[in-house]
Amino acid sequence: MASGNRFADPFGRRDMLKGSLAVGGMLGLQACTGGGAGGIASASSSGGRPLLVPMRVSPDQLIDIKCCLRPFRAAGPNLSTEQVGDTLVIHNYGHGGSGWSLSWGSAEIAVGKALSVLPREIAVIGCGIIGLTSAIVALRAGMKVTIYARDLIPRTRSYRASGSFTPDSRIALTEPAGPAFGDTWETMARLSWKTFRTYLGLPAQPVEFIDSYGVSDKPMTRRHDPADPAITDSWATKGLPQQNSEFASYGSRIKDIVPQSVAIPAEESPFAMPYTNRTSIMHFNFAAYGHLLMTEFFERGGKFEMREFHSPGEVATLKEKVVIHSTGYAARDLWKDKTLMPVRGQTGWLVPQPEANYGLRFGTVSIQAKTDGMVIMNNSPDLGEMLGVGDSNEMPDRAPIEEAMRVLAPIFAAMPGRRA
Amino acid sequence: MMRRLAPIAALSPVLLVALALAAPAPVQSASTTQGVYTEAQAAAGAELYGAVCATCHGKMLEGTYEIPALRGRFMGNWGRAPISSLFDYVSTAMPQMAPGSLSAEDNAKIIAFLLKSNGMPAGTKALPASAEALKAISFDPAAAAK
């Protein structure tokens with residue numbers, strides 16, 4: 001479908017692709033002459049400006065709007081165990097906006113707890129990213145595994161995320177999580193990161209790195225939200241966080257391995273904007289990655305049974321006496337965990353554009369190329385981590401997505417090197 | 001060993017077969033669930049662990065992607081076997097930068113700490129510092145599971 005559009009070539013993309021090829025040759029020379037990391041990172045034209053294919057952002061390209069509720073707990077994910085009758089239940093839910101990112105590390109913790117009683121077989125409840133990775137880790141450790149869930153991963157809330165490596169996005173509040181959680185978080189994040197590395201470069205790009213550009217007409221500074229003394233209430237008094245400063249931030253603990261933003265001089269920016277930065281970000285392509293995980297699960301002999309549970313007691317009726325419980329936001333009802341709070345999030349999806357494989361952020365709106373679509377987000381008003389907190393409305397809302405397109409389209413239209 | 005074998009050799013072949021079937025090597029008479037180390041031993045082991053093992057295995061025994069965790073999965077690796085296997089391994093292969101450099105007593109202390117960290121109860125008798133004695137102690141999961 002993309003090739004059909006290329007014939008029309010409304011944005012002069014063919015010229016730009018030719019330009020990119022010429023640039024490729026120069027890149028080799030740059031590398032030979034010791035151009036350094038900057039030279040390699042940007043396939044620059046003679047003017048030092050990398051050429052990118054502009055993204056098509058218009059409502060006719062919109063193919064999906066996904067809305068979901070992040071399962072947020074002030075104290076961080078529930079990784080505890082409890083005995084229900086003769087069944088050992090190992091909880092693994094409540095990862096906020098960090099489920100995909102922490103999944104492998106969290107699965108390792110849950111499966112480790114299962115292994116401590118050496119079961120031959122276990123059950124996993126839930127088939128979102130946490131349940132599925134828990135099941136695979138258990139299979140890899142030699143256990144027999146049955147997943148009981150009402151849906152396979154494509155119809156879970158996990159699939160309605162944006163799917164980027166964001167390991168400390170709404171993962172906990174600093175105070176209720178306590179200092180010890182930081183260490184657990186770091187263990188999970190590092191183990192997950194290492195595991196994602198094993199999926200890089202595979203066919204269909206289940207996990208990949210892309211360049212994400214941030215642009216602005218003002219100098220960009222790292223967001224910092226000091227506590228506002230005028231806000232005297234907090235999660236402790238209201239049951240919901242009241243300001244950004246309450247949210248835990250652990251990202252700096254792994255900055256030795258996770259790429260950070262670098263500023264790009266205006267004359268080297270692919271965009272006609274005064275200020276640009278670039279970050280290499282890792283993300284998960286749902287279709288390819290989800291398929292790969294399901295394939296491994298079944299190839300290792302995992303069983304899937306479609307089933308709904310309505311009370312913890314029902315879980316104890318399973319033949320498996322060790323159960324990993326990973327139902328995410330649904331644990332609020334199934335396990336009556338009222339400490340789970342919804343944090344609403346929404347993404348719009350445009351037709352995939354493999355030739356424009358990068359991301360762009362401007363203020364509170366962003367677009368990012370993924371293999372199953374261009375994910376577009378409008379995180380305004382600018383509330384940071386507070387956006388969507390306590391909001392359990394899971395109905396898609398098209399207006400903010402169209403608004404994001406209106407904000408982004410002129411930036412692509414003004415890209416240097418584009419035919420007038 | 002020879003002293004035990006000598007009188008056995010004098011027994012009838014039938015009895016010999018019966019003995020072989022009934023007694024596969026030393027009888028396992030104890031389980032790690034029954035309190036096979038002392039708190040003092042585990043505390044000393046924790047100090048040794050911090051000084052010698054934590055560099056690689058982590059202060060929470062969490063391991064890394066490459067280095068085995070000493071909790072959780074640890075039971076999968078070493079459970080339902082005599083604790084002597086673990087003692088043997090630690091005595092000969094660990095610490096990796098200086099294998100076999102710790103005394104038998106120190107290795108027993110470290111294993112006591114690992115048992116405690118894996119939910120095994122302390123008791124009144126210290127964990128023996130010899131592989132031979134540890135053959136009689138089985139590393140069992142805390143709770144039976146299917």
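Each chain gets a letter, A, B and so on, in the order the sequences are listed, and its residues count up from 1.
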Tell me whether [X] at atom [atom1] has more than 12 heavy atoms from other residues, nucleotides or ligands lying less than 6.0 Å away.
| X | atom1 | result |
| --- | --- | --- |
| Q96(B) | CD | no |
| Q260(A) | CD | yes |
| Y89(B) | OH | no |
| E175(A) | CD | no |
| R300(A) | CZ | yes |

Please identify each residue that fulfils side-chain contact (heavy atoms from CB on, under 4.5 Å) with S280(A), with sequence neighbours left out.
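Only F209(A), D211(A), P259(A) meet the side-chain contact (heavy atoms from CB on, under 4.5 Å) criterion with S280(A).
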Using only non-hydrogen atoms and a strict under-4.5 angstrom cutoff, which residues of residues 88-103 of chain A touch chain B?
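So far as heavy atoms go, nothing in residues 88-103 of chain A approaches chain B to under 4.5 Å.
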Heavy-atom contacts under 4.5 Å, residues 181-206 of chain A to chain B:
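If one takes a 4.5 Å heavy-atom cut-off, the residues of residues 181-206 of chain A near chain B are D183(A), T184(A), T187(A), L191(A), K194(A), T195(A), T198(A).
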Could you tell me which non-hydrogen atom of G72(B) sits nearest to which non-hydrogen atom of L115(A), and how far apart they are?
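G72(B) and L115(A) have their closest heavy atoms at O-CB, 3.7 Å.
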Using every non-hydrogen atom in the two residues, find where P141(B) and S116(A) come nearest and quote the distance to one decimal.
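Of all heavy-atom pairs spanning P141(B) and S116(A), the closest is CB-O, 3.4 Å.
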State which residues pass salt bridge (charged side-chain N to carboxylate O under 4.0 Å, His left out) with E62(B); sequence neighbours excluded, sorted by chain then number.
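Listed in chain order: nothing, the list is empty.
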From R73(B) CZ over to R140(A) CZ, what is the distance, rounded to the nearest 0.5 angstrom?
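If I round to the nearest 0.5 Å, the distance is 9.0 Å.
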